Asker: 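My structure is below; once you've seen it, I'll send some questions.
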Amino acid sequence: MSLIQVSNLKKSFGTNEVLKQISFSLEKNEVVAIIGPSGSGKSTLLRSLINLEQINGGSIQIDNDYLVHDGVYVKPNDIKKVTGKMGMVFQHFNLFPHLTVKQNLEMAPKLLNHQPAIEIETHAKDLLDKVGLTEKADAYPSNLSGGQKQRVAIARALMLNPDILLFDEPTSALDPELTGEVLKVMKDLAEESMTMIVVTHEMGFAREVADRVVFMDGGEIIESGIPKDFFSNPQAERTKMFLQRNY
Ligand code: ADP
Ligand code: MG
């Protein structure tokens, strides 16, 4: 059963058609890497899934619930229920600069008010431990390295126990020597069977960790396949050219 089902998704900014009838599905426990040149619509696709962009046509279903059905969005009250199954990690971390690491993690669950504070605090401790940042609980984001910030962002995304994690170029803003610590956390999550979509330029990660690679160009999915076939035997001319330049 698919956790995400996208059919004929269309999205334009003004006259710029950015996503052209995209269809795509993600199975439970699957890790999909999305690759493709800058401007091909990768971020817009992820942002549409969590309702940071409004689409102009097509359908998005998360865990069998519609967010949009044939271009019509569900009622505002139902949107959060659907998008709440996903957590997202952004290229530029998007941490709250005025809050400590611990407070960054605890904010969303405390606002939701579904859990006793002590449980939220224990969960935050456990997740900081998982990403190796226990000693940074009381630090502010400005005192962290990029790699540490991104690990905080991942822990924060996990606080609401999402069924799916979306990553938009999580290592693209990092110095090369800091990408490894972030990729390691993501690899650990994949090994724990987290369902993930990762937009990335890290071909090594895509090859090693993803179950499937999807190549986008010009607002379309050009081809997809298991990494072994995708990288060793790309079919489309555009994929071959992209891999020649980037791999
Ligand atoms: P990618 O993530 O693959 O680099 P994006 O999804 O960011 O691609 O962008 C796809 C296209 O949509 C680009 O042409 C970009 O300029 C355009 N675009 C993205 N966001 C906006 C926006 N908020 N307003 C207008 N155009 C946008
Ligand atoms: Mg992008």
Side-chain angles (χ1 to χ4, degrees), residues 4-26 31-60 62 67-68 71 73 79 83 86-95 146-147 149-150 153-154 156-157 164-176 178-179 182-183 186 196-207 209-210 212-225 227 230-231 234 236-247:
I4 296 182
Q5 183 80 49
V6 169
S7 338
N8 303 319
L9 189 165
K10 288 199 288 186
K11 169 67 182 173
S12 302
F13 291 105
T15 56
N16 185 10
E17 198 179 16
V18 170
L19 296 174
K20 302 171 182 164
Q21 304 263 11
I22 297 251
S23 296
F24 167 85
S25 64
L26 179 75
V31 177
V32 168
I34 301 183
I35 64 174
S38 177
S40 56
K42 307 179 299 295
S43 296
T44 305
L45 176 60
L46 287 199
R47 291 169 60 80
S48 298
L49 295 175
I50 54 164
N51 201 38
L52 288 176
E53 301 290 353
Q54 292 244 314
I55 66 171
N56 305 112
S59 302
I60 298 175
I62 309 297
L67 171 64
V68 202
Y73 277 84
I79 285 183
T83 57
M86 293 171 282
M88 183 145 166
V89 174
F90 299 88
Q91 181 175 352
H92 294 288
F93 328 120
N94 297 12
L95 298 177
K149 281 184 208 170
Q150 199 57 301
I154 294 172
R156 185 179 62 174
I164 307 163
L165 271 185
L166 310 177
F167 294 85
D168 192 0
E169 300 200 24
T171 60
S172 293
L174 303 179
D175 292 335
L178 300 178
T179 59
V182 173
L183 294 174
M186 294 166 62
M196 315 191 330
I197 301 180
V198 184
V199 171
T200 187
H201 292 294
E202 295 285 340
M203 297 301 152
F205 179 85
R207 181 164 195 136
V209 180
R212 189 154 54 96
V213 182
V214 169
F215 174 65
M216 283 182 69
D217 193 11
E220 296 176 293
I221 292 177
I222 305 300
E223 69 178 283
S224 71
F230 179 90
F231 287 110
E237 213 46 52
R238 281 197 271 182
T239 317
K240 288 178 195 169
M241 276 172 54
F242 177 81
L243 290 178
Q244 263 164 26
R245 281 197 302 267
N246 297 279
Y247 183 59

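Bear in mind the structure is a predicted one, so any value in this text is a computation, not a measurement. Numbering of ligands and ligand atoms starts at 1, following listing order.
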Asker: Is T44 close enough to the Mg ion (ligand 2) to have an N, O or S atom under 2.8 Å?
Answerer: no
Asker: Please identify which of these residues, V214, T44, I55, I221, meets the side chain to side chain contact (heavy atoms under 4.5 Å, CB included) condition with I22.
Answerer: I221
Asker: Whether E220 and R238 form a salt bridge (side-chain N of Lys/Arg under 4.0 Å from carboxylate O of Asp/Glu) is what I want to check.
Answerer: yes
Asker: Return the closest protein heavy atom for atom 3 (O) of ligand 1 as residue, atom name and distance.
Answerer: K42 NZ, 2.8 Å
Asker: Nearest protein heavy-atom contact for atom 12 (O) of ligand 1: which residue, which atom, what distance?
Answerer: V18 CG2, 3.1 Å
Asker: Any non-hydrogen protein atom below 4.0 Å of atom 15 (C) of ligand 1?
Answerer: no
Asker: Just verifying a value: how many Å separate K10 NZ and S48 OG, rounded to the nearest 0.5 Å?
Answerer: 13.5 Å
Asker: Kindly indicate whether a cation-pi arrangement holds for K240 with F242, taking the cut-offs as under 6.0 Å to the six-membered ring centre and within 45° of the axis.
Answerer: no
Asker: Any protein heavy atom under 4.0 Å from atom 5 (P) of ligand 1?
Answerer: yes
Asker: Over all heavy atoms of both residues, which pair between F93 and G146 is shortest? Give the atoms and the distance, please.
Answerer: CE2-O, 3.6 Å
Asker: Select the closest option to atom 10 (C) of ligand 1 among G14, S12, G39, judged by heavy-atom distance.
Answerer: G39
Asker: For atom 23 (N) of ligand 1, what is the nearest protein heavy atom, given as residue, atom name and distance?
Answerer: F13 CE2, 3.6 Å
